[in-house]
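Here the structure comes first, spelled out in structure tokens, and everything after it is commentary.
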There are 2 protein chains.
Amino acid sequence: MQKNIEFIDKLRSSGLRPTKQRLKICEVLFNREETFHFTIKDLVKKISDNLNEKISLATVYNTVHAFKDKGYLKEISINSDKSYFDTNITNHHHFFDEDTNQLIDCEDDYIENINIKKNITGKKINSVEVLIKVASDNQNQN
Amino acid sequence: MQKNIEFIDKLRSSGLRPTKQRLKICEVLFNREETFHFTIKDLVKKISDNLNEKISLATVYNTVHAFKDKGYLKEISINSDKSYFDTNITNHHHFFDEDTNQLIDCEDDYIENINIKKNITGKKINSVEVLIKVASDNQNQN
DNA sequence: CAACAGTTTAGAATAATTATAATTTAGTTT
DNA sequence: AAACTAAATTATAATTATTCTAAACTGTTG
């Protein structure tokens, strides 16, 4: 569990002012054992569940984008109408449960290393991400 | 190149009435050598470029969704605010050029087979897709 | 503590998509 | 081929996620 003072340093060191709102969002996002996968809506809900004061929607968007730009969050590509974010910023892959719309980290032992044999000429690879869509075994869902 | 009569059969066989609009959209989508990656906006533009008559936006959405449901199109997950569709419905992966926002098919010889060693209990795998984000080699882009 | 740039905010604006309800059309029945 | 019915199309309104705007506020620096 990180302390407030650590968040302040973290923010300052990347040129973000440690405002009340950003610190609250840090607490919600980073004071946890497990990776947090969330949409903006999820985060807004977590904030209003955990805090007394409210943070405006615009600030939540601003902060999430700032955190993403600074590398504290990753944005995950899901076949969807909204963006998912991930507090796990290491290189890793995902399962997406189509029954529940839940994003699940794919541990390293679940998948063999991805080997890109050729690349587009003149481009560098920025990321390689695997998305494994799963659904109930016993039903016909899509 | 497929003929109109083939599209009519194709649509009928999957329980879709071969309407004028759907046939026009079939022509635009499937009468081509290469895979077509597109957003709804792209498709609307192609339609208005190629045809005299106009098709309403709602119909374009309806048709693309119907075609997707019937398996004539795939929807591709991109880190973005809009949906991309693909006329290549085989299992395959993608490059996404972040400079140009272009989606590029990843040929089989570009990537080694993906091997999922473990899966989520009680779920079946519906799809495995790799997205390789690339950008200019000589610039600092993100 | 004054000044200033960086932040927050409510609310408006935008953009993609979906819903609605009236009209039209395709396929079937007479 | 006229009549019927369910499916499809359409213009438009509604919805949803996200971004923009401009005013008010706050953190930092001197």
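Here is the naming used below: chain letters follow the sequence lines, and residue numbers restart at 1 for every chain. As a basis for the values below, the full set of heavy atoms in this structure was taken, side chains included, without hydrogen atoms, waters or symmetry mates.
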Nearest-Å distance, [atom1] ([X]) to [atom2] ([N])?
{"X": "B:R12", "N": "C:dA26", "atom1": "CZ", "atom2": "P", "result": "10 Å"}
{"X": "A:K70", "N": "C:dG6", "atom1": "NZ", "atom2": "P", "result": "12 Å"}
{"X": "A:E75", "N": "D:dA17", "atom1": "CD", "atom2": "P", "result": "15 Å"}
{"X": "A:K24", "N": "C:dT8", "atom1": "NZ", "atom2": "C1'", "result": "16 Å"}
{"X": "B:K20", "N": "C:dT24", "atom1": "NZ", "atom2": "P", "result": "12 Å"}
{"X": "B:K82", "N": "C:dT18", "atom1": "NZ", "atom2": "P", "result": "15 Å"}
{"X": "A:F38", "N": "D:dA17", "atom1": "CZ", "atom2": "C1'", "result": "15 Å"}
{"X": "B:I25", "N": "D:dA8", "atom1": "CD1", "atom2": "C1'", "result": "12 Å"}

If you measure from the Lys or Arg side-chain nitrogens to the Asp or Glu carboxylate oxygens, is any gap between [X] and [Y] under 4.0 Å?
{"X": "B:D97", "Y": "B:K133", "result": "no"}
{"X": "B:K117", "Y": "A:D109", "result": "no"}
{"X": "B:E129", "Y": "B:K74", "result": "yes"}

- Message: Looking at C:dG6, I'd like to know if its phosphate oxygens (OP1 or OP2) sit under 4.0 Å from a side-chain N or O belonging to A:T19.
- Response: no
- Task: Check whether any side-chain N or O of B:Q21 sits under 4.0 Å from OP1 or OP2 of C:dT25, and answer yes or no.
- Result: no
- Message: If you assign B:K41 and B:P18 each to the DNA chain C nucleotide with the nearest heavy atom, which residue ends up on the more 5' nucleotide?
- Response: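 Its nearest nucleotide lies further toward 5', so the answer is B:K41.
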- Find which nucleotide of DNA chain C each of B:R17 and B:L57 is nearest to by heavy atoms, and output the residue with the more 5' nucleotide.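 Taking each residue's closest nucleotide, the earlier one in sequence belongs to B:L57.
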- Item | Whether B:Y61 and B:H65 hold their rings parallel, tilted or perpendicular, with breakpoints at 30° and 60° |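 Because their plane-to-plane angle lies in the 30° to 60° range, the rings of B:Y61 and B:H65 count as tilted.
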- Task: Hey, which sits more toward the 5' end of DNA chain D by its nearest nucleotide, B:K54 or B:R22?
- Result: B:R22
- Query: Got a sec? Which of residues 58-66 of chain B come in under 4.0 Å of DNA chain D, heavy atoms?
  - Reply: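 Residues of residues 58-66 of chain B under 4.0 Å from DNA chain D: B:A58, B:T59, B:N62.
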- Message: Does atom CG (A:N113) have a neighbourhood of more than 12 heavy atoms from anything else shown, all under 6.0 Å?
- Response: no
- Report which part of the nucleic acid A:I55 touches: base, sugar-phosphate, or nothing (heavy-atom distance under 4.0 Å, all strands). sugar-phosphate
- A:S83 near the nucleic acid: base, sugar-phosphate alone, or nothing, with a heavy-atom cut-off under 4.0 Å? sugar-phosphate
- Message: Taking A:F38 as the starting point, is it possible to reach A:L131 by hopping between hydrophobic residues whose side chains are less than 4.5 Å apart?
- Response: no
- Are B:I40 and B:V28 connected in a single hydrophobic cluster, I mean Ile/Leu/Val/Met/Phe/Trp/Tyr linked by side-chain heavy atoms less than 4.5 Å apart?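 Yes, B:V28 connects to B:I40 through the hydrophobic network.
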